[in-house]
Amino acid sequence: MDKFHSLKGIAAPLPIVNIDTDMIIPKQFLKTIKRTGLGVSLFYEMRYDNDGNLIKDFVLNTSPFDQSKILVAGDNFGCGSSREHAPWSLKDFGIRCVISTSFADIFYNNCFQNGILPIVVSPENLDQLMTAAKNQIEFNIDLPEQIIKAGNHSINFEIEEFRKERLLQGLDDIGITLGYQDKINAYEEDKKNKKPWLFKDT
Amino acid sequence: MSNQGPKTLFDKIWSEHLVGQREDGTSLLYIDRHLVHEVTSPQAFEGLKLSNRPVHRPEATIAVADHNVPTINRQNIEDPQSKIQVETLAKNTKEHGIQYFDLMDQRQGIVHIIGPEQGITQPGMTIVCGDSHTSTHGAFGALAFGIGTSEVEHVLATQTIVQNPAKNMRISVNGELPFGVNSKDLILYIIGKIGTAGGTGHVIEYAGSSIMGLSMEGRMTICNMSIEAGARAGLISPDQTTFNYIKGRPYAPGTEHWDQAVEYWSSLPSDNDANYDHEIVIDSSEIDPMVTWGTSPEDVVSVKGTVPNPSSAKTENKKKSIERSLEYMGLKPGTKITDIKLDKIFIGSCTNGRIEDLRKVASIVKDKKIASHVQAMIVPGSGLVKKQAEEEGIDIILKDAGFEWREAGCSMCLGMNPDQLKPGERCASTSNRNFEGRQGRGGRTHLMSPELAAASAITGNISDIRDFT
């Protein structure tokens with residue numbers, strides 16, 4: 001997995017609440033069998049008109065926001081389906097950090113599987129950062145120090161330690177768990193005796 | 001969460017499945033059943049191949065194609081991409097020795113319909129699937145939640161998942177359900193009350209006499225939409241209704257283990273004095289048949305109500321959000337819900353595609369005709385639901401009324417297959433999401449119960465089942 005350490009650049013403001021995963025990446029793009037190539041379809045219905053032309057005033061279609069690596073968005077970002085295509089499309093577009101007041105659980109989890117840092121801030125801080133983003137002020141995201149700097153603002157954020165480590169080191173989660181193979185096997189042997197009906201084959 | 005003291009249903013399942021703690025402080029949770037479908041699995045199997053890892057326990061996994069599949073002429077999937085996805089699932093499952101119900105198999109259907117139908121879903125289990133509506137299986141007292149594709153790969157490779165415990169929320173609904181009010185109205189009402197982020201970080205346990213009085217089908221509808229309230233999982237205590245439903249199904253415990261299983265299942269309900277992080281109590285007499293007016297499942301109102309006015313919103317954000325929704329939905333504030341004219345009716349999905357739902361619709365539309373300006377479609381949740389309905393003559397009643405009778409799949413719930421709304425079309429839908437573009441670009445979705453959708457099909461407007469005779 002790609003590492004995440006720090007990130008510098010302007011942030012795209014998207015002041016809409018409840019941005020769901022259908023908005024982030026609509027269904028017609030879920031038919032792929034690859035993880036890559038989805039960036040062009042990110043926010044498809046907000047970004048393109050019925051004829052497939054770019055909608056000029058959508059933020060990610062305007063310069064310099066079309067180069068954003070950071071997104072500042074309204075509450076409950078990523079609600080809806082479990083599709084990992086949502087973080088895949090963000091990442092493929094170039095976005096590595098999303099800032100909001102809250103995230104839906106599955107989306108939040110999926111971000112960390114893909115080297116994307118989702119940051120939760122207070123409503124007051126979100127307002128400040130939204131304004132800074134609109135004014136094209138440069139953001140500086142420092143994961144080791146857990147600080148967002150933008151203009152005069154310096155905002156600390158929380159992140160669970162294991163998630164931070166995994167991002168910093170780009171760790172392979174499955175590889176780590178396979179290190180506990182003996183424990184998993186022992187668990188299964190125990191349950192086979194105690195709850196044999198669970199081991200009826202599908 | 002302490003190991004001592006009274007426990008909730010969630011606590012019990014959690015501690016029973018804890019394999020251990022990893023050095024990074026996370027918990028490894030054992031997964032009893034893994035459901036796999038064509039859309040969120042190809043990249044997971046590809047990942048296994050790239051790192052040369054086998055599937056740890058293929059016999060704990062079951063696969064089916066549901067999201068993409070056509071509901072007519074299914075011998076030939078016309079969309080080449082959909083075809084590749086379905087073929088890729090067939091190939092991957094064969095390669096890894098995973099049970100796969102193919103499109104011609106009568107057991108094929110929506111993954112969350114067939115799990116319970118086959119007896120694969122059982123109390124006390126942990127169940128995951130790369131689909132957010134995995135919460136459905138919580139109706140059996142199983143801890144069931146949706147995961148992303150990277151986690152699908154993790155479960156395939158290790159039969160475990162990395163998790164931290166969720167918080168406990170209990171929503172109790174008490175009293176006899178008023179006439180015309182059913183499980184779909186209940187869950188829409190709850191989502192309206194707590195909001196789409198109200199359950200974030202929590203597992204919601206549904207309790208109270210209204211909930212425990214529901215059939216398994218009704219309980220599944222409730223747990224199914226837990227994700228629409230932001231909760232990853234919903235739970236309902238297993239009881240005799242649950243055991244009766246499971247007994248004798250193909251993958252249920254056999255006679256040799258049945259009593260032992262029931263004894264364990266009976267120990268699962270939350271202890272009387274268990275502690276919850278949040279408690280909500282609802283009197284069912286306050287609930288009406290419910291309909292969504294906007295583009296989030298929390299945008300819900302009584303069928304007797306009106307479209308809200310943005311100026312009544314408490315916050316500026318909410319006001320903007322209502323304005324955006326109304327513009328998308330093409331609705332004016334103050335419009336009576338029952339004055340909203342429909343173009344399409346969709347009955348089906350993992351929320352309301354079970355036999356009980358179809359029976360209700362048939363009882364309402366029997367000897368009637370759908371309005372001349374609407375197109376109505378019924379998509380059974382599985383091949384076996386379809387077969388059962390046909391044996392009961394339900395298909396004839398529905399077809400006589402003017403409904404299209406389709407093959408099983410997710411269909412217009414998310415419109416990955418050809419079943420989609422056209423821009424501006426308005427649909428009464430028994431599915432679970434009314435997001436912008438969900439059922440087709442520019443399509444307008446009103447979520448409601450099968451009873452309301454059936455009545456609305458006949459009148460051509462959103463209708464109150466209580467006015468409908």
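In what follows, every heavy atom counts, from backbone to side chain, and hydrogens, waters and symmetry copies are set aside. As the structure is a prediction and not an experimental result, all values here were calculated from the model. Throughout, a chain's letter reflects where its sequence line sits, starting with A, and its residues are numbered from 1.
With a 6.0 Å radius and a threshold of 12 heavy atoms from other residues, nucleotides or ligands, A:Lys149 has its NZ atom at or below the threshold. Residue A:Asn156 places its CG atom among more than 12 non-hydrogen atoms of other residues, nucleotides or ligands, all under 6.0 Å distant.
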Original post:
Step by step, would you call B:Asn164 with A:Phe162 a side chain to side chain contact (heavy atoms under 4.5 Å, CB included)?
Top reply: CA-CA 11 Å; B:Asn164 283 324; A:Phe162 79 96; 3.4 Å; yes
**OP:** Please lay out, stage by stage, how A:Lys31 and B:Asn68 fare under the test side chain to side chain contact (heavy atoms under 4.5 Å, CB included).
**Re:** CA-CA 8 Å; A:Lys31 295 179 185 177; B:Asn68 253 313; 3.6 Å; yes
**OP:** Start with the C-alpha gap between B:Arg22 and A:Thr177, add the side-chain angles, then the distance that decides, and say whether side chain to side chain contact (heavy atoms under 4.5 Å, CB included) holds.
**Re:** CA-CA 8 Å; B:Arg22 300 199 312 187; A:Thr177 299; 2.9 Å; yes
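Near-neighbour residues of residues 84-93 of chain A relative to chain B, defined by a heavy atom under 4.5 Å from a heavy atom of that chain, comprise A:Glu84, A:His85, A:Trp88.
With a 4.5 Å cut-off on non-hydrogen atoms, B:Ile147 touches chain A through its backbone but not through its side chain. For B:Thr158, the parts lying under 4.5 angstrom from a heavy atom of chain A are both the backbone and the side chain. The contact between B:Arg433 and chain A is made entirely by side chain atoms (from C-beta outward), counting heavy-atom distances below 4.5 Å. Proximity to chain A (any heavy atom under 4.5 Å) is restricted, for B:Ala252, to the backbone atoms N, CA, C and O. In this structure, the portion of B:Thr26 lying under 4.5 Å from any heavy atom of chain A is its side chain and not its backbone.
Contact annotation: the side chain of A:Phe199 approaches that of B:Arg57 to within less than 4.5 Å [non-hydrogen atoms, C-beta and beyond]. Contact check for B:Glu23 versus A:Tyr180: side-chain heavy atoms found under the 4.5 Å cut-off.
Geometric assessment of A:Lys195 against the ring of B:Tyr264 yields a positive cation-pi assignment under the 6.0 Å and 45° thresholds.
One finds the CG atom of A:Asp127 at 11.0 Å from the CD atom of B:Glu316 (value rounded to the nearest 0.5 Å).
Counting heavy-atom pairs closer than 4.5 Å to chain B, the top residue among A:Asp172, A:Ile106, A:Asn109, A:Ile16 is A:Ile106. Comparing A:Asn76, A:Asn18, A:Val17 by heavy-atom pairs within less than 4.5 Å of chain B, the highest count is held by A:Asn76. Among the candidates A:Arg35, A:Gln113, A:Lys183, the residue making the largest number of heavy-atom pairs closer than 4.5 Å to chain B is A:Arg35.
A donor-acceptor contact closer than 3.5 angstrom is absent between the side chains of A:Asp173 and B:Ser150.
Nearest heavy-atom pair, B:Arg438 versus A:Arg83, reported as atom, atom and distance to 0.1 Å: NH1-NH2, 3.7 Å.
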